[in-house]
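Start at 1 and go down the list; that is how both ligands and their atoms are numbered.
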Amino acid sequence: MTRTHKADHQRWLLELTALPTASGREDRVIEWVRRWVNAPSRRRVLTLGADPHGNLTIRRRGARSRKPIYFTAHMDHPAFVVTGVDDDGRVTAEFRGGVGEAYFAGSPVLLHRARGAPVRGRVIGLIKDGAPPAGRLKRYRISLDAKTTAQPGDILTWETGKPRIDGDRLHVPACDDLAGVAAALAALDELVVRRRSRADVRVLLTRAEEIGFIGAIAAARGGTIARGARLVALEASKSFAESPLGAGPIVRVGDLTSTFDPGLTYLVGRVATRLAQEDPSFRWQRKLMPGGTCEATAYQTYGLTATCVCLALGNYHNMNEATQRIDAELIALSDFHHLVRLLVAVGASLDDPKLAPPLRERMESLFAQGRGVLAGQ
Ligand SMILES: [Zn+2]
């Protein structure tokens, strides 16, 4: 991949990871993607669609294979959505996503209205109004620094300072999963727009993952995804000591809840192995990543073939465990660029018969070679 392409990918990464978004309020990301697809260089090659739930699909115009490869990512990130505006300049907001209760009271936030600069504020605390009914999200009282006209539906994000690059580390408000969105689009651009492959590679961008992959379930229940599709879900997943930042993208064999399609996971691992053989500077990892449950579990549950490739994520869901405070999320830029390389190789070579024999064939050949020892010879 040339330097210019990498510079483009990084620019998209920086733009996307700075966008305010929340489950059900992904409008700004959707608008960014719409503009990206409709750029003059892509407009004739790609087509953007939305399913009835607002999940986006992007594909090569006219593509119609029965076994497309989908790179999927979700467009939301844990954030508040305003539900009520008080007379005294305070707002009530529900939190859509998983963040420990200890991180809320006193933490700084930014209110994003439809227009104008963000307004600073601070979480006062949890509204305790008895046991919430099933499915009701926790609500918080928030004070705003300036008198403003907040509207129900406005997003409040954590205030985590300006995005910054520190060596190989990118510190931004929301890597999860906007870095996945950026990687999916970068790979699609290489494969389809710059014609690196004729394969039917598509992108599916889902909504409302942070409250239980609602958009992915809606897509998996029918209509949105071809039944023979191979799905590679992209995530930013909590880093552990054995899955560090900077050691390359992670071929994820499963998550907290389930394990992914063994055949597809094996083939994606083969693509990564081949890349590393061709270029020793290419790094990758193969891990479980049990820090959470990802959309691949939802796809698999509804009978689709799915696996996951993820980025090791620091300060998962903006929780800095060392300081016990809200902070920017971080990833390694090198992991991001290697992820794009891996996805391009997956798109270009997943159906290459030379990539690897199916697992059953490998077993049969091992058996043929070694069966003699069973006969006691
Ligand atoms: Zn998340």
Query raised in the report: Which single N/O/S atom of Glu210 lies at minimum distance from the Zn ion (ligand 1)?
Result: OE2

Query raised in the report: Quick check: does any side chain N or O of Arg141 sit under 3.5 Å from a backbone N or O of Thr92, one acting as donor and the other as acceptor?
Result: no

Requested in this report: Spell out, as yes or no, whether a donor-acceptor pair under 3.5 Å connects the side chain of Glu329 to the backbone of Cys175.
Outcome: yes

Query raised in the report: Which word best sums up how the rings of Trp36 and Trp32 line up, parallel for under 30°, tilted for 30 to 60°, or perpendicular for over 60°?
Result: parallel

So, is [X] placed with an N/O/S atom under 2.8 Å from the Zn ion (ligand 1), counting both backbone and side chain?
X	value
Asp176	yes
His317	yes
Glu209	no

Report task. Could you check Thr83, Val85, Val91, Leu111 and say which one makes a side chain to side chain contact (heavy atoms under 4.5 Å, CB included) with Asp154? Result -> Leu111

